[in-house]
Amino acid sequence: MKFIPFLLSLLIVPLSPVLAGHHEGSSVEAFVQDYFDKFNSTTLETNPEQSFTFPAVFINDGKVRVIQDASVKVFDYEVIKASGWGYSKILDTTVLYEGPNSAVVQVDFNRHKADDSLLSTSKVFYTLAMTVAGWKLVGASIPGGITLVD
């Protein structure tokens with residue numbers, strides 16, 4: 001009879017990460033790629049909670065913007081597109097720190113026009129937090145600044 005609890009423990013232990021609902025195994029780099037894909041699809045304006053947890057802080061060329069909740073626009077794609085933007089492409093992702101609950105990532109990227117010509121090259125530092133839904137953005141620091149909102 002003692003054998004049955006032992007067998008059950010062998011089955012449950014491998015499932016415990018799945019049952020926990022916490023995405024310890026999710027990759028910071030994969031989150032960043034997914035975030036850029038969502039940004040390029042322009043869905044983040046209407047549904048920022050796909051990638052953000054609030055409050056979130058943006059430091060864009062020294063200007064601090066605290067976004068308390070998802071009711072405030074994180075991005076304004078009309079303003080971004082008016083700058084000539086067509087899409088963004090990651091050049092390099094460097095994880096500067098990764099712990100179980102937070103991470104800091106440096107991303108070098110290009111902004112391109114719709115005709116694929118280069119609009120700008122930028123650098124951003126993202127601060128991420130681990131949530132029950134996986135990694136989410138809680139902050140961004142963009143030295144030199146880029147157009148995101150009015």
Side-chain angles (χ1 to χ4, degrees), residues 11-150:
L11 292 172
I12 292 173
V13 170
L15 292 175
S16 59
V18 174
L19 298 173
H22 197 279
H23 296 263
E24 289 98 352
S26 66
S27 157
V28 170
E29 294 90 344
F31 169 82
V32 170
Q33 183 60 59
D34 183 64
Y35 169 72
F36 267 74
D37 292 344
K38 288 175 181 167
F39 185 87
N40 285 336
S41 72
T42 69
T43 61
L44 288 172
E45 183 174 25
T46 56
N47 188 8
E49 290 171 317
Q50 296 174 82
S51 298
F52 289 89
T53 189
F54 296 95
V57 177
F58 276 80
I59 304 171
N60 194 356
D61 196 24
K63 297 176 188 117
V64 179
R65 184 170 169 244
V66 179
I67 305 161
Q68 292 296 333
D69 57 55
S71 69
V72 178
K73 276 189 176 183
V74 177
F75 306 113
D76 185 335
Y77 282 105
E78 280 187 33
V79 171
I80 294 169
K81 288 177 181 179
S83 74
W85 177 85
Y87 65 95
S88 297
K89 181 178 178 184
I90 295 173
L91 300 172
D92 190 42
T93 302
T94 305
V95 178
L96 302 174
Y97 169 79
E98 182 176 357
N101 298 311
S102 62
V104 178
V105 185
Q106 175 183 327
V107 180
D108 298 311
F109 67 98
N110 285 338
R111 278 186 158 191
H112 292 268
K113 297 178 183 178
D115 67 3
D116 296 326
S117 63
L118 182 64
L119 181 63
S120 65
T121 299
S122 299
K123 178 181 310 252
V124 62
F125 297 89
Y126 292 124
T127 303
L128 309 177
M130 179 57 78
T131 70
V132 294
W135 290 112
K136 297 284 183 161
L137 277 162
V138 293
S141 180
I142 309 160
I146 56 175
T147 303
L148 296 173
V149 292
D150 252 345

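These numbers come from the heavy atoms of this one structure, side chains and all, not from hydrogens, waters or symmetry mates.
You'll find the side chain of Thr42 stays beyond 4.5 Å of the side chain of Phe75, heavy atoms only. Put simply, the side chain of Val74 does not reach to within 4.5 Å of the side chain of Val149, judged on heavy atoms. Residues Lys136 and Phe52 have side chains not in contact (no heavy-atom distance under 4.5 Å, counting atoms from C-beta outward). Side chains of Tyr35 and Val107 form no contact here, defined as non-hydrogen atoms less than 4.5 Å apart. Annotation: side chain of Leu118 is not in contact with side chain of Arg111 (no heavy-atom distance under 4.5 Å). Using a 4.5 Å heavy-atom threshold, the side chains of Val105 and Val32 count as touching. Annotation: side chain of Trp85 is not in contact with side chain of Lys113 (no heavy-atom distance under 4.5 Å).
Listed for the Thr94 side chain is no donor-acceptor partner under 3.5 Å among the backbone atoms of Leu96. A donor-acceptor contact shorter than 3.5 Å links the side chain of Gln50 to the backbone of Asn47.
With sequence neighbours left out, the side chain to side chain donor-acceptor pair (under 3.5 Å) criterion links Asp34 to Lys38. Scanning for side chain to side chain contact (heavy atoms under 4.5 Å, CB included) contacts around Glu78 gives Asp76, with sequence neighbours left out. With sequence neighbours excluded, the residues forming a side chain to side chain contact (heavy atoms under 4.5 Å, CB included) with Ala70 are Pro48, Glu49, Phe54, listed by chain and number. Residues satisfying the ring pair (Phe, Tyr, Trp, His ring centres under 6.0 Å) criterion with Phe109, sequence neighbours excluded, are Phe36. In this structure, Thr46 has no side chain to side chain donor-acceptor pair (under 3.5 Å) partners at least two apart in sequence or on a different chain. Here Ser71 pairs with Asp69 under the side chain to side chain contact (heavy atoms under 4.5 Å, CB included) rule; sequence neighbours left out. Residues that satisfy the ring pair (Phe, Tyr, Trp, His ring centres under 6.0 Å) test with Tyr87, not counting sequence neighbours, are His112. Not counting sequence neighbours, Thr93 has no partner by the side chain to side chain donor-acceptor pair (under 3.5 Å) test. Residues satisfying the side chain to side chain donor-acceptor pair (under 3.5 Å) criterion with Glu45, sequence neighbours excluded, are Lys73.
Sorted by first then second residue, the side-chain hydrogen bond (donor to acceptor under 3.5 Å, both in side chains) pairs that include residues 51-65, not counting sequence neighbours, number zero. Among residues at least two apart or in separate chains, there is no salt bridge (Lys or Arg N to Asp or Glu O under 4.0 Å) pair with a member in residues 82-92.
Taken to the nearest 0.5 Å, the CD1 atom of Ile142 stands 10.0 Å off from the OG1 atom of Thr147. Expressed to the nearest 0.5 Å, how far CZ of Phe39 lies from OG of Ser88 amounts to 5.0 Å. Atoms OG and CD, on Ser27 and Glu98 in that order, are 7.0 Å from each other to the nearest 0.5 Å. Atom CD1 of residue Ile90 and atom CD of residue Glu29 lie 10.0 Å apart, to the nearest 0.5 angstrom.
In plain terms, the two heavy atoms of Val57 and Val66 that are nearest each other are CG2-CG2, 4.2 Å.
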Solution key, residues 119-128 side-chain donor-acceptor pairs under 3.5 Å, sequence neighbours excluded:
unit_1	atom_1	unit_2	atom_2	d
Thr121	OG1	Asn110	OD1	2.7
Lys123	NZ	Asp108	OD1	3.4

